[in-house]
A.B. asks: 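After the C-alpha cells below, expect a handful of questions from me.
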Amino acid sequence: MTSVSPTLAVRRELRNRILVVTVDNPPVNALGVAVRCALSDVIEAAEHDAAVDAVVLIGAGRNFIGGADIKEFGKPPLPPSLPVVCNRIEACRKPVVAAIHGAALGGGLEIALAAHYRIALANARLGLPEVTLGLLPGAGGTQRAPRLVGAQAALDLMLSGRHVGAQEALALGLVDRIGETDDVLHEGLAYVQALLDAKAPTRRTRDASGLADRTASRAAIEAARVDVTKKSRGLFSPLKIVDAVQAALEMPFDDGLNHERQLFLQCLDSPQRAGLIHAFFAEREVLKAPETRHAKPRVLASVGVIGGGTMGAGIAVALLDAGLPVTMIERDDSSLARGRANIEKVYDGLIAKGRMTADAKAAVLARWSGSTSYDALATADLVIEAVFEDMSIKQAVFAELDRVCKSGAVLATNTSYLDIDALAASISRPGDVVGLHFFSPANIMKLLEVVVPAQVSADVVATAFELAKKLRKVPVRAGVCDGFIGNRVLAIYRAAADHMMEDGASPYQIDRAVREFGFPMGPFQVADLAGGDIGWATRKRRAATRDPQQRYVQIADRICERGWFGQKTGRGYYRYTDGARTGTPDPDVEAIIDSERERAGVTPRAFSNEEIMRRYMAAMINEGANVVHQRIALRPLDVDVTFLYGYGFPRHRGGPMQYADSVGLATVLADIREFAQEDPVFWQPSPLIVDLVERGATLASLNHAA
Ligand code: 3HC
Ligand code: NAI
C-alpha cells in the first residue's frame, strides 16, 4: 500500500491495484483550483502508473462533492477549468468510478458524470442546482446528463435544481448501483473490483444514447422552452439551459461542450448570478449572530403559545410541524375552540389537497393541548405570546408568565411594533424576554426576525436561533425599534408608493411596475391581502404624534372609511368579485384618488414605470441603510435576507442592499437628492449612504465587518 499526497485537498492511496482518490476540501469538498489541479494530475498519473488498474473517486467527510467553489465566481478564472478536468477523467483509459455519499451537486455531479461508472449510497443527494445560482451546469452537465438520462429528465433536474435521492437516481439511470452499507470506501472498492473482474470497459457518458430518440428529445426541449418562457419571470439562466440541451441534441459532443461554455460564461457575467450567489451566502451568514457563537441554547422541548388568532394558530402549526408539543392559552373557552379550529383548518386544507392523511392530522394534534389557565405553562421551555397588539394587554400577559413559568423559560413576544425593551422591563426577569417576529402565514413564511432587547441573555438569543433551525425558518437578528428591520423599511417605501399615487400614478400602475421588477405582488395588492383595517388602526393611534411637517396621504383612510379592507371584504384598492383572490381595478377607487388629489392641491402627472421603481427602491434602500447605520440590522446582508424571505424581494436581485450596490450607491444618492428637492422631510439621505459614497465604498464592504 502506498500513500502519496499531491495536495492537501486531494489524497490518493493504492489499495489492491485500485487507486482511491479522496477529495478532502472541507466543508463540502468544493472544486476550488487546488482540487481541480490535483484531480487532473492524479488521473494523469494513474493512467501512466502500471501499478494502477482502476480509480475510485470519493469525498471525505459528509459529502462527495458540493460543486464548483462558488467563492471563485466573479474572480479571474484559474486553470484548469472544471470542464477540462471532467474531460480528463472521462478520457482516462482505466476505469474511473465515482462512489457517492452525501451531496454530489453541480460540478460534483458533473465529475461523477465524467467518471465511467457511478455507485451511490442510500444517503446520496444528487442534483444540478446551478439554476438556483443563476448559472447552468458548466462542466459538461448539460451535454452529459441528457445523453445519460434523456432530455426530459435532464431538463427537469437542471431547471428545477432539485436534489434526487439514490433510488430515484438509479431509476433515472444517473447512477448504476446503490451501495448496501454506509461505508463509501468499502462500497466503491467492491464495485470497482466487480467491474474489473467482469472486464468492464471504460464506458464514456459522451457516447451514451439518451438522446437517440430525436423526436422525443426535440419535443421535450420545445416543451421546456414553452414552460420556461411562461414561468421563469425574467430569469436569465433557465432559457440558456434549454439552449444548451438543444446543443446537446444537435451538435457533436465537443461542439456542444464549447457552446455550453459560452452560455455558462454569459450566465456568470449576469447580475442575476451575483444576486443569487449573494443570497446563497447571506442566508448562511445570518445564522452566525454573535450570541450563537458564544452562548449555548437552552433546552427546547415544549412550547406554549398565547393567543389562537391568525398568528398564534400559524405559529402553533409551525411548532407542531417541527414535532414540538404545544400548549395554547386563550382568553376563554370559545376563543380556545376558535384557536383549535384555526389550526385544524390548516391541516384540513392539506387533507383536501391530498397532502396529508386524517391519521397524520390526528397524530400531529395529539401534541396540542389547550387551556384558559396560565398554570398550564408551568413546565414550558419557551412561550410565544401572540395576543392583540396592545401594550397593556401584553404587559398583563407577561405578568402572568412571570408568575407561572419555570425559572429559565424563554418568554417571547410576536409583537409587530411594540417596544420590547419596555415589555421586558415590566417583569422580574427581563433577561429571558426576546422578540420572535413571525410573518403571516406563520407556518409558511420562512422569515423569523429575532428581536434582541437590551437586557436579554445571550443564551436566550441562541435559543431563538435554535428554534428557527427546528422550524426550518431563516432567522435574522434585529434590534428594537418601531417595526424592527422589515416593517420599519416597509413603512417608508409604502409611503413613497402613496406619495406617487397622490402625485399621479395609479395603484395599478405601481403594482404592475413592482411586479415587473420581480416582486410577486405590488404594495397595494399586499395591503388588500393583509387587510386595510390593521394599518388604519395604527394610523389612527399615531395621528396625535405624527410630525405635521411629514406628508400624509389620506387615500387609504378614505378607502377604509367605506369598509373596504381588501380581499376579506371583497373591496380594497381592487374589487374581488365572488370571493376571487385576484382583484380587478376599481373605477370608484380611482375616483377617490382623484378627489384626494384635488383636496391636497396636487396636479397629477404621469410616471414611467422606471421612475416608479427608482423612487420605490430609493426609499427602500435609504431606510435599509438607516437600519444598518443604527445597528438595528447587524449588516446590510441582514436587511437583504429579511426582504428575500419576508417581503417577496426578487431573489435574483439579491436583496435591496445588494441591488443598491449593483445600481451604484452614488446613483442612488443622486436620486434621493433629486427627490429631496420636492420633499426634503421625507427624502433625507441616510448618513451611511453619504459616508459610503464619499469613501467610494459599497454596502457589501460592511457585510463582513460585524
Ligand atoms: N462553494 C463554496 N462554498 C460552499 C459551497 C460551494 N459550492 N457549498 C457550500 N459552501 C459553504 C457554505 O457557504 C458554508 O460555509 P460557512 O460554513 O462558512 O457558512 C459551508 O460550505 C457549509 O454549507 P452548508 O451550511 O450549506 O452545509 P450543509 O451541510 O447544510 O449543505 C450542501 C451542504 C448541500 C453541499 C450545500 O452547502 C449546498 O447546497 N451547496 C451548494 C451546492 C451548489 O449549488 N453547487 C453548485 C455550485 S455551481 C457549480 O457547480 C457550477 C458548475 O456547473 C461549473
Ligand atoms: P388576532 O386578533 O388574529 O389574534 C389575537 C388572539 O389573541 C385572539 O384569538 C384573542 O382571543 C387572543 N387574546 C387576546 N388577549 C388575550 C389574552 N389576554 N390571553 C390570551 N389570549 C388573548 O391577532 P394576530 O393577527 O394573530 O396578531 C397577534 C400578534 O401578532 C400581534 O401582536 C400582532 O401585531 C402580531 N403580528 C401579526 C401579524 C399579522 O400579519 N397578523 C404578523 C406578525 C405579527
Side-chain angles (χ1 to χ4, degrees), residues 389-392 415-423 437 451 478-505 507 510 523-524 526-527 530 532-561 592-593 595-605 612 614-633 639 647 656 668-669 671-691:
E389 183 78 344
D390 178 305
M391 192 53 141
S392 58
T415 182
S416 307
Y417 293 98
L418 298 176
D419 180 352
I420 306 181
D421 281 327
L423 187 58
H437 186 219
V451 189
V480 175
C481 70
D482 195 356
F484 317 127
I485 299 177
N487 283 346
R488 173 171 160 176
V489 175
L490 164 71
I492 301 300
Y493 66 81
R494 212 11 252 269
D498 285 345
H499 296 171
M500 288 188 276
M501 174 165 64
E502 194 172 62
D503 287 341
I510 295 171
F524 299 101
V526 172
D533 46 337
I534 300 170
W536 192 31
T538 313
R539 290 196 297 278
K540 282 194 277 197
R541 212 169 40 233
R542 292 184 182 160
T545 52
R546 191 177 300 124
D547 175 2
Q549 299 289 308
Q550 217 172 43
R551 179 170 177 186
Y552 181 72
V553 175
Q554 299 181 24
I555 296 168
D557 296 343
R558 295 296 92 77
I559 291 176
C560 288
E561 282 157 12
I592 293 172
I593 297 171
S595 71
E596 276 302 304
R597 286 173 184 154
E598 211 169 301
R599 188 195 55 74
V602 172
T603 312
R605 69 177 180 88
I612 288 173
R614 264 174 63 209
R615 286 175 179 265
Y616 197 74
M617 290 312 302
M620 194 184 299
I621 292 163
N622 201 44
E623 194 61 6
N626 281 333
V627 155
V628 176
H629 186 59
Q630 293 166 14
R631 304 280 297 160
I632 298 300
V639 178
Y647 297 82
V668 176
L669 181 59
D671 277 351
I672 294 168
R673 289 193 165 136
E674 180 193 322
F675 306 149
Q677 288 173 8
E678 298 158 16
D679 184 350
V681 178
F682 183 75
W683 292 104
Q684 296 181 29
S686 166
L688 180 64
I689 297 187
V690 173
D691 174 56

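Bear in mind the structure is a predicted one, so any value in this text is a computation, not a measurement. Along the sequence shown, the residues carry numbers beginning at 1.
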A.B. asks: Show your reasoning for whether salt bridge (charged side-chain N to carboxylate O under 4.0 Å, His left out) applies to Glu674 and Arg614.
C.D. replies: CA-CA 11 Å; Glu674 180 193 322; Arg614 264 174 63 209; 3.1 Å; yes

A.B. asks: Do side-chain atoms of Glu502 reach the backbone of Val602 as a donor and acceptor pair under 3.5 angstrom?
C.D. replies: no

A.B. asks: With the threshold set at 4.0 Å, does a side-chain nitrogen-carboxylate oxygen contact exist between Arg551 and Asp679?
C.D. replies: no

A.B. asks: Nearest 0.5 angstrom please: Ile689 CD1 to Asn622 CG, how far?
C.D. replies: 4.5 Å

A.B. asks: What's the separation between atom CZ in Arg541 and atom CG in Asp390, rounded to the nearest 0.5 Å?
C.D. replies: 7.5 Å

A.B. asks: What pairs of residues pass the salt bridge (Lys or Arg N to Asp or Glu O under 4.0 Å) test when at least one of them lies in residues 617-627, not counting sequence neighbours?
C.D. replies: Arg488-Glu623

A.B. asks: State, to 0.1 Å, how close Leu669 and Pro685 come at their nearest heavy-atom pair, and which atoms those are.
C.D. replies: CD1-CB, 3.6 Å

A.B. asks: Any luck finding a side-chain donor-acceptor pair between Asn487 and Tyr647 under 3.5 Å?
C.D. replies: yes

A.B. asks: Got a sec, which residues hit salt bridge (Lys or Arg N to Asp or Glu O under 4.0 Å) with Arg605, two or more places apart in sequence or on another chain?
C.D. replies: Glu611

A.B. asks: Which one of Asp547, Asp498, Asp557 satisfies the side chain to side chain donor-acceptor pair (under 3.5 Å) criterion with Tyr552?
C.D. replies: Asp557

A.B. asks: Between Val681 and Gln550, which heavy-atom pair has the shortest distance, and what is it?
C.D. replies: CG1-CA, 4.3 Å

A.B. asks: With a sphere of 6.0 Å drawn around CD of Gln630, does it hold more than 12 non-hydrogen atoms of other residues, nucleotides or ligands?
C.D. replies: yes

A.B. asks: How many angstroms lie between atom CD1 of Ile621 and atom CG of Asn626, to the nearest 0.5 angstrom?
C.D. replies: 12.5 Å

A.B. asks: Take Glu596 and Val553 through the test side-chain contact (heavy atoms from CB on, under 4.5 Å) and record every step on the way to the result.
C.D. replies: CA-CA 8 Å; Glu596 276 302 304; Val553 175; over 6 Å; no

A.B. asks: Does Arg542 make a cation-pi contact with Tyr417 (under 6.0 Å, within 45 degrees of the axis)?
C.D. replies: yes

A.B. asks: Kindly give the heavy-atom pair with the smallest separation between Ile510 and Ala497, and that separation in Å.
C.D. replies: CD1-O, 3.5 Å

A.B. asks: Tell me, please, which residues at least two apart from Phe682 pass ring-ring contact (aromatic ring centres under 6.0 Å, His included).
C.D. replies: His499

A.B. asks: With no hydrogens and no angle check, is any side-chain donor or acceptor of Arg673 less than 3.5 Å from a backbone partner on Trp683?
C.D. replies: no

A.B. asks: Can you see which heavy atom on Ala556 is nearest to which on Arg539, and at what distance?
C.D. replies: CB-NH2, 3.4 Å

